[in-house]
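Note that the structure is predicted; figures quoted are calculated from it, not measured.
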Amino acid sequence: MNKQEALKGFAYLGAVWFGNSKQHFAFSAYDRLNGWNKLADKWKEEAEEEWDEAEEVLNRLVELGCKPADLQEAMKTIEFPFYDDPKQQIESDYQPDAVKQLSELAEAFNDDYPTKKLIEKWIDGEKDHMAWEAQYLYLIDKIGYDNFLMAMM
């Protein structure tokens, strides 16, 4: 991956987090309305973290000489579906390949310590994110969907 491709991937990452943040705030609001407060709290926490990460990407892109339009271009290529069903919310968001993709992007910034360190920090956060989603999907499978929803109240 050359530097131009790496910057484009970095901008894409910011776009993903801006979009995911909005998506997760919507999931949180809907789940809270339905009484699934534990799940709503988790989505809200994720949304806030993703918003902060998206801001970090944008700030770093500007430091690297990119323009906000670069992020806007990346946003045009991503769709963020909104689901009413909590299981669909979790399944749609569960992306186990994300850590691998972030690791590859970090490698492209070996000569850019600040950017590489940001990405490595996000890798740890993504591992945590995947762990709780895997745990929730496991719970749905083990205790049943209705029992899971009751546990989220």
Donor-acceptor pairs are to be reported for all side-chain atoms of residues 90-97 against protein atoms at under 3.5 Å, with residues two or more places apart or in another chain.
residue, atom, partner, partner atom, Å
Ser92, OG, Gln88, O, 3.1
Ser92, OG, Gln89, O, 3.0
Asp93, OD1, His24, NE2, 2.8
Asp93, OD2, His129, NE2, 2.5
Gln95, NE2, Ser92, O, 3.1

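Leu137 and Trp132 fall within the same hydrophobic cluster, defined by Ile, Leu, Val, Met, Phe, Trp and Tyr side-chain heavy atoms under 4.5 Å apart, directly or through other members. A continuous path of ILVMFWY side-chain contacts below 4.5 Å connects Met1 to Ile119, so both sit in one hydrophobic cluster.
A heavy-atom distance below 4.5 Å is found between the side chains of Gln23 and Pro81. With a 4.5 Å cut-off on side-chain heavy atoms, Met153 and Asn37 do not count as touching. In this structure, Glu126 and Leu102 have side chains that are in contact, with non-hydrogen atoms separated by less than 4.5 Å. Using a 4.5 Å cut-off on side-chain heavy atoms (C-beta onward), Lys117 and Tyr113 make contact. For the pair Phe109/Leu7, a side-chain contact is recorded, criterion being any heavy-atom separation below 4.5 Å from C-beta on. You'll find the side chain of Asp111 stays beyond 4.5 Å of the side chain of Lys116, heavy atoms only. Between Tyr30 and Tyr83, every side-chain heavy-atom pair lies at or beyond the 4.5 Å cut-off.
Shown here for Ala40 and Ser28, the closest heavy-atom pair between the two residues is O-OG, 2.8 Å. The nearest pair of heavy atoms linking Asp31 to Pro86 is OD1-CG, 4.0 Å. Nearest heavy atoms, Val57 versus Gly14: CG1-CA, 3.6 Å.
The structure places CD of Glu56 at 5.5 Å from CG of Leu118, a figure rounded to the nearest 0.5 Å. Atoms CD and OG, on Glu120 and Ser103 in that order, are 8.5 Å from each other to the nearest 0.5 Å. Here the straight-line distance linking atom CD1 of Ile143 with atom CG of Leu149 works out to 9.0 Å at 0.5 Å rounding. Note that CE of Met152 and CG of Asn34 are 14.0 Å apart. Values are rounded to the nearest 0.5 Å. Here the OH atom belonging to Tyr12 is positioned 12.0 Å from the CG atom belonging to Leu105, to the nearest 0.5 angstrom. In this structure, the separation between CD on Glu133 and CG on Asp128 is 11.5 Å, given to the nearest 0.5 Å.
Ion pair Lys121/Glu53 not flagged as a salt bridge, since none of the NZ, NE, NH1 or NH2 atoms sits closer than 4.0 Å to an Asp/Glu carboxylate oxygen. Using a 4.0 Å cut-off between a side-chain N of Lys or Arg and a carboxylate O of Asp or Glu, Glu48 and Lys44 qualify as a salt bridge.
Within 6.0 Å of OH on Tyr145 lie more than 12 heavy atoms contributed by other residues, nucleotides or ligands. More than 12 heavy atoms of other residues, nucleotides or ligands lie within 6.0 Å of CD in Glu63, so this atom counts as buried by the packing criterion. Under a cut-off of 6.0 angstrom, the local environment of NZ in Lys3 is crowded, with over 12 non-hydrogen atoms contributed by other residues, nucleotides or ligands.
Using a distance-only test at 3.5 Å, with no hydrogens or angles considered, a donor-acceptor pair links the side chain of Glu5 to the main chain of Asn2. In this structure a side-chain-to-backbone donor-acceptor pair under 3.5 Å is missing from Asp41 to Lys38.
In this structure, a donor-acceptor pair under 3.5 Å is absent between the side chains of Trp17 and Glu55. No side-chain N or O of Tyr136 forms a donor-acceptor pair with one of Asp141 less than 3.5 Å apart.
Between Phe25 and Trp43, the distance separating the two ring centers is not shorter than 6.0 angstrom.
Aromatic ring pairs are classed by plane angle as parallel below 30°, tilted from 30° to 60° and perpendicular above 60°; the pair Phe82 and Phe27 is perpendicular.
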